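Notes to accompany the following structure.
Just so it is clear, the structure is predicted and the values come from calculations on it, not from any experiment.
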Amino acid sequence: MTSVGIVSLGLHLPGEPVGNETVAVTSGADAAWMEERIGIRARHYARPHEKAASLAVRAAAGVLERTQVTPDLIVLATVTPDRPVPATACFVQDRLGLTGVPAFDVNSACSGFIYALACAHGMVRTGLSRTPLVIGADTFTHVVDPADRRTAPLFGDGAGAVQLAPVPDGYGILAIELWAEGSQAMHATVPCGSWFEMDGRGVTKVVMAMGPEILHRALDRAGVRLDQLDRVIVHQANPRLVRQLAELMDLDEGVVPAYGVSTGNTASASVPITLAMSDRERPFRRGDLVAMVAVGAGMTAAAAVLRWY
């Protein structure tokens, strides 16, 4: 069994921040209401010609610049692929010059990055990979109706990436837990040829129930207590919901970063972007216990616990 951990992180947010006043013009939602009700002040929009692969390449290039590791696998989490076929990860592989490296996509919405991490981790443990590159990238604003006051203020675009590599035993990924419930699939969906649709109350109910549950499952598997965690990286659905989850789990604000105030909900990219932003603000130290948790469309949920190396 090979221990594998994160050895480099990166992120990319396209363009300049888009403030609430701009979103108010197209959506009809009040700018002050956006900040007060959901806690978001700004987000970033990919231009119409920018696709998930473009954002993923920018995030991944930053990761690779900061490490001597060469990826032998690419796993990309996205719900806004460049095309239905082929996998967007193949476009990323080509643009990074990683000829011959296996590459595939994972679609588990906002839980997708941790699902992708689980795929990469499992392939390392079975000997199919040693140094996987895991990316979350989405241009979700391209599937959100800009005139919908309920959903348009929530979302932004971006990408985050991590490079995995072998680490000493006791470090790296300690546990991952996954969950899905297809009977709740219509809570959040993008019908073919149409805009994103969401039952906000239904989604919130699942988030508040499964967020803590999936995290505790991962902690139990890792043999770690909640009060031992140095940081908990939560999917940035919106800052208000992140704070509610932190309070529900009795976690201090300093342990749970809330960068969604300036990024919005970036879907599959949310967890790795938040992880990288947290490291930039307060670098992780060797031995730090870090958890990641997300709930997304499907409905899906995922959590991971790792000891930083």
Rounded distance [0.5 Å steps], [atom1] in [X] versus [atom2] in [Y]:
X	Y	atom1	atom2	value
Asp169	Arg307	CG	CZ	11.5 Å
Asp288	Arg231	CG	CZ	6.0 Å
Thr141	Asn265	OG1	CG	11.5 Å
Glu16	Thr22	CD	OG1	11.5 Å
Thr78	Lys51	OG1	NZ	11.5 Å
Thr70	Gln163	OG1	CD	8.0 Å

[X] side-chain N/O to [Y] backbone N/O, donor-acceptor pair under 3.5 Å:
X	Y	value
Glu21	Ala31	no
Gln236	Val261	no
His12	Ala159	no
Glu35	Trp33	no
Arg66	Gly62	yes
Arg149	Ser27	no
Arg130	Pro166	no
Asp230	Val290	no
Asp105	Thr88	yes
Glu197	Pro191	no

Hey, are the side chains of [X] and [Y] touching, using non-hydrogen atoms and a 4.5 Å cut-off?
X	Y	value
Leu219	Leu229	yes
Tyr115	Ile176	no
Met210	Met299	no
Pro71	Leu64	yes
Val23	Ile40	no
Asp199	Met186	no
Val63	Val162	no
Val106	Cys119	yes

Check the surroundings of atom [atom1] in [X]: do more than 12 heavy atoms from other residues, nucleotides or ligands lie under 6.0 Å from it?
X	atom1	value
Glu253	CD	no
Arg41	CZ	no
Asp250	CG	no

Discussion item. Run the side-chain contact (heavy atoms from CB on, under 4.5 Å) test on Val206 and Glu181 for me, step by step, so that the C-alpha distance in whole Å, both residues' side-chain angles and the decisive distance to 0.1 Å come before the verdict.
Written reply: CA-CA 10 Å; Val206 178; Glu181 182 46 70; over 6 Å; no
Heavy-atom closest pair, residues [X] and [Y]:
X	Y	value
Leu133	Ala60	CD2-CB, 3.9 Å
Ala165	Val69	CB-CG2, 4.1 Å
Gly296	Ala109	C-CB, 4.3 Å
Ala269	Gly160	CB-N, 4.2 Å
Pro14	Leu55	CB-CD2, 4.0 Å
Val271	Val293	CG2-O, 4.4 Å

Discussion item. Over 60° means perpendicular and under 30° means parallel, so tell me whether Phe140 and Phe155 are parallel, tilted or perpendicular.
Written reply: tilted
Fill in: Full working for side-chain hydrogen bond (donor to acceptor under 3.5 Å, both in side chains) between Arg243 and Asn238
CA-CA 9 Å; Arg243 288 194 298 270; Asn238 67 66; over 6 Å; no
Quick check on the hydrophobic clustering: are [X] and [Y] connected, directly or via other members, by side-chain heavy-atom contacts under 4.5 Å?
X	Y	answer
Met198	Trp195	no
Val255	Leu174	yes
Val167	Leu73	no
Leu226	Val295	yes
Ile135	Val7	no

Worksheet item: Remaining members of Leu11's ILVMFWY cluster at a side-chain heavy-atom cut-off under 4.5 Å?
Response: Leu13, Tyr259, Ile273, Met277
Worksheet item: If you measure only the distance, is there a donor-acceptor pair under 3.5 Å linking the side chains of Ser129 and Asp72?
Response: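 Asp72 and Ser129 do have a side-chain donor-acceptor pair below 3.5 Å.
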Fill in: Qualifying side chain to side chain donor-acceptor pair (under 3.5 Å) pairs with a residue from residues 266-275, counting only residues at least two apart or across chains
Asp138-Ser268, His235-Ser270
Item to complete: Mind jotting down which residue pairs meet the ring-ring contact (aromatic ring centres under 6.0 Å, His included) criterion with at least one end in residues 157-181? Sequence neighbours excluded, please.
Response: Tyr171-Tyr309
Worksheet entry | From CA spacing to verdict: side-chain contact (heavy atoms from CB on, under 4.5 Å), Phe104, Val75 | CA-CA 5 Å; Phe104 64 92; Val75 188; 3.7 Å; yes
Discussion item. Between Ser54 and Phe91, does the side-chain contact (heavy atoms from CB on, under 4.5 Å) criterion hold? Intermediate values first, please.
Written reply: CA-CA 9 Å; Ser54 299; Phe91 295 123; over 6 Å; no
Worksheet item: Going through the distances and angles, do Ser111 and Thr300 end up as a side-chain hydrogen bond (donor to acceptor under 3.5 Å, both in side chains)?
Response: CA-CA 6 Å; Ser111 306; Thr300 60; 2.9 Å; yes
Discussion item. Using side-chain contact (heavy atoms from CB on, under 4.5 Å), reason through Arg217 and Glu213 one step at a time and then give a plain yes or no.
Written reply: CA-CA 6 Å; Arg217 288 185 192 176; Glu213 181 173 333; 2.5 Å; yes
